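Below is one structure, written out as structure tokens; comments come after it.
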Amino acid sequence: QVQPVESGGGLVQAGGSLRLSCAASGLTFSSYNMGWFRQAPGKEREFVASIEWSGAFTSYADAVKGRFAISGDNAKNTVYLQMNRLKPEDTAVYYCAAGRRWPVTRDGMDYWGKGTLVTVSS
């Protein structure tokens with residue numbers, strides 16, 4: 001089984017931006033729907049954004065609409081999460097995941113990365 005690998009997390013001040021990347025060598029992203037999830041301390045893992053395998057459909061959690069954008073590059077087997085106008089409440093470990101089902105849900109994914117930490121200071 002393939003495990004996606006996230007990168008790009010770090011410390012940023014409120015109002016700043018980060019771009020997260022998720023790569024999975026050997027996993028053809030063109031055959032999978034991709035999702036980003038996050039988990040803050042003391043909270044359950046929650047859905048952030050997703051993209052259908054063809055790129056025709058995307059979905060976002062209400063908390064990030066207008067600020068985050070998901071995209072993918074099939075040739076590189078990489079999915080991105082551009083995060084703008086970050087808020088302290090965005091602080092969490094961000095996970096990427098791949099799955100065959102649409103729509104993307106937390107409990108319906110097939111492969112999970114280990115996560116990358118995003119910390120937004122006030």
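Not measured: the values here are computed from a predicted model.
- Applying the ring pair (Phe, Tyr, Trp, His ring centres under 6.0 Å) rule to Trp53 yields no partners; only residues at least two apart in sequence or on another chain are considered.
- With sequence neighbours excluded, no residue forms a side-chain contact (heavy atoms from CB on, under 4.5 Å) with Thr105.
- Residues that satisfy the salt bridge (charged side-chain N to carboxylate O under 4.0 Å, His left out) test with Arg85, not counting sequence neighbours, are absent from this structure.
- Residues that satisfy the side-chain contact (heavy atoms from CB on, under 4.5 Å) test with Glu52, not counting sequence neighbours, are Asn33, Ser54, Ala56, Phe57, Trp102.
- The minimum heavy-atom distance linking Arg101 with Asp110 is given by the pair NH1-OD1, 3.6 Å.
- Evaluation of the ring pair (Phe, Tyr, Trp, His ring centres under 6.0 Å) rule for Tyr32 yields Tyr111 as partners, not counting sequence neighbours.
- Evaluation of the salt bridge (charged side-chain N to carboxylate O under 4.0 Å, His left out) rule for Lys65 yields Asp62 as partners, not counting sequence neighbours.
- Note: Phe68 and Tyr94 have tilted aromatic rings, judged against thresholds of 30 and 60 degrees for the angle between ring planes.
- Contact between Ala49 and Leu81 at its shortest, heavy atoms only, is CB-CD1, 4.1 Å.
- The structure places CD of Gln82 at 12.0 Å from CD1 of Ile70, a figure rounded to the nearest 0.5 Å.
- Among pairs with a residue in residues 22-109, those fulfilling disulfide (SG to SG under 2.5 Å) read Cys22-Cys96, at least two apart in sequence or across chains.
- With sequence neighbours excluded, no residue satisfies salt bridge (charged side-chain N to carboxylate O under 4.0 Å, His left out) with Arg100.
- The stretch residues 70-81 participates, sequence neighbours left out, in no side-chain hydrogen bond (donor to acceptor under 3.5 Å, both in side chains) pair at all.
- When atom types are taken as modelled, the side chain of Arg106 and the backbone of Arg45 share a donor-acceptor pair closer than 3.5 angstrom.
- Checked against salt bridge (charged side-chain N to carboxylate O under 4.0 Å, His left out), Glu46 has the following partners two or more places apart in sequence or in another chain: Arg38.
- Heavy atoms only, all atoms of each residue included: Gly113 and Tyr95 are closest at O-CD2, 3.5 Å.
- Results of the side chain to side chain contact (heavy atoms under 4.5 Å, CB included) test with Trp36 over Val79, Val64, Ile51 single out Val79 as the only residue that passes.
- In this structure the side chain of Lys114 never reaches within 4.5 angstrom of the side chain of Val93, judged on heavy atoms.
- Between Leu20 and Met83 there is a side-chain heavy-atom pair separated by less than 4.5 Å.
- A side-chain hydrogen bond (donor to acceptor under 3.5 Å, both in side chains) check over residues 11-24, counting only residues at least two apart or in different chains, returns the pairs Ser17-Asn84.
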Quick one: side chains of residues 115-122, donor-acceptor pairs under 3.5 Å with protein atoms, not counting sequence neighbours, listed by atom name and distance.
residue, atom, partner, partner atom, Å
Thr116, OG1, Gly9, N, 3.2

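- Note: the hydrophobic cluster containing Val5 does not contain Met34 (ILVMFWY, side chain heavy atoms under 4.5 Å, direct or indirect links).
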